[in-house]
Amino acid sequence: ICTSCTSPTSSLYKVYSTPGSIQLTTCKECGNDVDPYIEREWLLVVMDSVLHRPEAFRHALYNREPFATVCAQDVQQQSSNVDDCNKF
């Protein structure tokens with residue numbers, strides 16, 4: 001899901017052929033990156049969680065394993081627009 005507006009998305013990022021090269025997906029609803037926490041160190045996610053930033057909680061609960069696969073499967077069952085599970 002998008003950490004800014006909580007709309008479901010088909011993927012979090014696109015992987016290119018160069019090792020370690022990704023591009024974050026842009027949310028169709030709000031126009032922001034779907035989950036910018038993918039590129040951040042885990043310590044920064046924890047610090048933002050301690051500061052009660054909702055985006056950090058959404059990243060940890062919906063876009064990280066093992067929850068990402070379960071949530072993506074739920075979204076697929078609810079919406080026919082979602083083609084692919086969020087994978088890490």
Side-chain angles (χ1 to χ4, degrees):
I1 68 167
C2 175
T3 57
S4 298
C5 68
T6 68
S7 65
T9 61
S10 60
S11 65
L12 298 175
Y13 56 88
K14 182 178 180 179
V15 179
Y16 290 100
S17 59
T18 307
S21 180
I22 65 169
Q23 179 182 8
L24 296 177
T25 304
T26 302
C27 179
K28 294 177 184 175
E29 298 293 323
C30 67
N32 294 327
D33 289 334
V34 171
D35 191 353
Y37 285 98
I38 291 173
E39 296 182 323
R40 297 183 184 165
E41 296 290 328
W42 68 269
L43 184 59
L44 294 175
V45 177
V46 171
M47 289 172 55
D48 281 354
S49 297
V50 169
L51 294 171
H52 299 283
R53 300 225 169 114
E55 295 86 0
F57 287 113
R58 291 178 191 137
H59 167 76
L61 293 175
Y62 296 108
N63 295 341
R64 296 294 293 175
E65 291 292 341
F67 304 109
T69 306
V70 173
C71 293
Q73 290 171 353
D74 290 343
V75 169
Q76 284 179 347
Q77 292 172 354
Q78 294 173 0
S79 172
S80 61
N81 295 335
V82 177
D83 298 324
D84 195 7
C85 287
N86 297 331
K87 298 177 183 174
F88 285 88

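No hydrogens, no waters, no symmetry mates; every other heavy atom, side chains included, goes into these values. Model, not experiment: these values are computed from the prediction.
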Separation between CG of Leu12 and NE2 of His59, rounded to the nearest 0.5 Å: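 Those atoms lie 9.0 Å apart.
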Between OG1 on residue Thr3 and CG on residue Asn63, distance to nearest 0.5 Å: 7.0 Å
Considering all heavy atoms, the nearest Thr9-Cys2 contact: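 Nearest heavy atoms, Thr9 then Cys2: CG2-N, 4.4 Å.
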Closest contact, heavy atoms only, His52 versus Phe57: CA-CE1, 3.7 Å
Does a side-chain heavy-atom distance below 4.5 Å link [X] with [Y]?
| X | Y | value |
| --- | --- | --- |
| Arg58 | Thr6 | yes |
| Arg40 | Asp48 | yes |
| Tyr13 | Ile38 | yes |
| Cys30 | Ser7 | no |
| Leu24 | Asp35 | no |

Side chain to side chain contact (heavy atoms under 4.5 Å, CB included) evaluation trace for Cys27 with Cys5: CA-CA 9 Å; Cys27 179; Cys5 68; 3.6 Å; yes
Side-chain donor or acceptor of Thr26 paired with backbone N/O of Gly31 under 3.5 Å: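 Not confirmed, Thr26 side chain does not pair with Gly31 backbone.
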Side-chain donor-acceptor pair present, Gln23, Tyr16, cut-off under 3.5 Å: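 Yes.
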ILVMFWY cluster, Leu44 and Trp42 together (side-chain gap under 4.5 Å):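 Yes: a chain of side-chain contacts under 4.5 Å links Leu44 to Trp42.
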